[in-house]
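Counting starts at 1 for both ligands and their atoms, in listed order.
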Amino acid sequence: MRTIRVNLDKNSYDIIFDNTLDELRKFMSNYKKVVLVTDQNVDKHYGQLFTSAITAKLVLPSGESTKSQESLFWLYDQFINLGVTRDDLIVAFGGGVIGDLTGYASATFMRGVPYIQVPTTLLAQVDSSVGGKTAIDMPQAKNIVGAFYQPKAVFINTNLLATLPKRVYNDGMAEVIKYGVIRDIELFNMLGQKDLDHEEIVYRCCDIKRLIVERDQFDTGERMLLNFGHTLGHVVEQFYNYKRYTHGEAVAIGMYTMAKIGVQMGITSPGTPELIKAMLSKYKLPHHFTINPNIALNIFSLDKKSQGDMINIIIPKAIGQSTIMKVNKIALFQYLKNL
Ligand code: NAD
Ligand code: GLY
């Protein structure tokens, strides 16, 4: 069993790779009450795994629309009915939707009850379960209400990925490719192999995220690297009202496009966009998208990384190396026009 320690002073915790779930059951046994929050799809596949170890199971509909005010208040109601206190444990068992929602409910109920993340999608295992970003969506914007609230532990079982629909799996693979491009050429090359060692891949991603979160827990500097491809990805998602492309597909387009822009800027080594494109294609992820640069500029202005006329963008120098650049939005507009 492998473990990664995330060192955040009194908020430190372990990411435990536990394919037997024994460690997870042991951890749960330390608490008086254990309330598991999950969604219908995960419940269908894995709902029976913890029956004897939990006090109650709360099952929500699957999908992004569950990350809502309604679900949040429903969870508060259930916690009150169950008599949850700060001595109890909440378990987020699902993908990023369940992880973000349950994390935020745990952060705010009684001003903070302990919770753990048990991620079941590739995206959640490599990204959303680690680092303490929790949130719900509002009708006007995604992730607009949230908190930094670290879990007490993260338990990862890569066997759970076997039941993921192909498109959901590939969606997570976009985030894995992101880690390879920003920090780890060996990881990037592993993704080109025929048989993938999922535990090793998830481990490497979590270790990169650990390092970045330890250095910049509250997302004011280096943590922005994790947003490689996301600024333009959000433009793509929003342009299609979150209907045409999944998050990972939009990020894939964003990563390729930022590498092309990096070449124009003279920062990205030539050939890098093509390497990214080939890897994206292997996982059926798109790379090309045409958007009116004026529309992109408007949407960019709402981005959290936008500051007045300037915006922070993440540019790969080569596979495995990347940098954060502050650029003028008009300059970015020109780069987009020249693509
Ligand atoms: P998701 O949670 O909606 O899961 C995708 C689909 O897979 C759902 O239908 C779910 O029911 C199903 N599913 C989950 N596990 C399964 C399994 N093992 N087998 C079969 N089906 C399974 O989506 P996601 O991609 O995991 O997460 C996306 C969310 O994560 C977004 O809301 C995004 O904003 C958030 N996110 C948060 C962070 C963060 O740092 N907190 C980072 C990235 C993304
Ligand atoms: N998913 C980006 C972050 O955690 O910062």
Hydrophobic cluster (4.5 angstrom, side-chain heavy atoms) - remaining members for Tyr31: Met1, Ile16, Leu21, Leu24, Phe27, Met28, Val34, Leu36, Val42, Tyr46, Leu49, Phe50, Ile54, Leu89, Val91, Phe93, Ile116, Val118, Phe155, Leu160
Do [Y] and [X] meet the salt-bridge criterion of a basic N to acidic O distance under 4.0 Å?
X: Lys284; Y: Glu249; result: no
X: Arg210; Y: Asp207; result: yes
X: Lys178; Y: Asp127; result: yes

Close residues, ligand 1: non-hydrogen atom nearer than 4.0 Å: Asp39, Asn41, Val42, His45, Tyr46, Ser62, Glu64, Lys67, Gly95, Gly96, Val97, Asp100, Thr120, Thr121, Leu123, Asp127, Ser128, Lys133, Lys142, Asn143, Leu160, Thr163, Leu164, Pro165, Val168, Asp171, Lys209
If we ignore angles and hydrogens, is there a donor and acceptor under 3.5 Å between the side chains of [X] and [Y]?
X: Tyr149; Y: Thr108; answer: no
X: Gln264; Y: Gln334; answer: no
X: Glu175; Y: His247; answer: yes

Contact residues of ligand 2, where a non-hydrogen atom lies under 4.0 Å away: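 Those residues closer than 4.0 Å to ligand 2 by some heavy atom are Asp127, Lys133, Lys209, Arg223, Leu226.
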Establish, for the pair Arg5 and Tyr13, whether the NZ or CZ atom is under 6.0 angstrom from the six-membered ring centre and no further than 45 degrees off its axis. no
List for me each residue that meets side-chain hydrogen bond (donor to acceptor under 3.5 Å, both in side chains) alongside Lys67, sequence neighbours excluded, and say none if there are none.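 Applying side-chain hydrogen bond (donor to acceptor under 3.5 Å, both in side chains) to Lys67 gives Asp100, Asn143.
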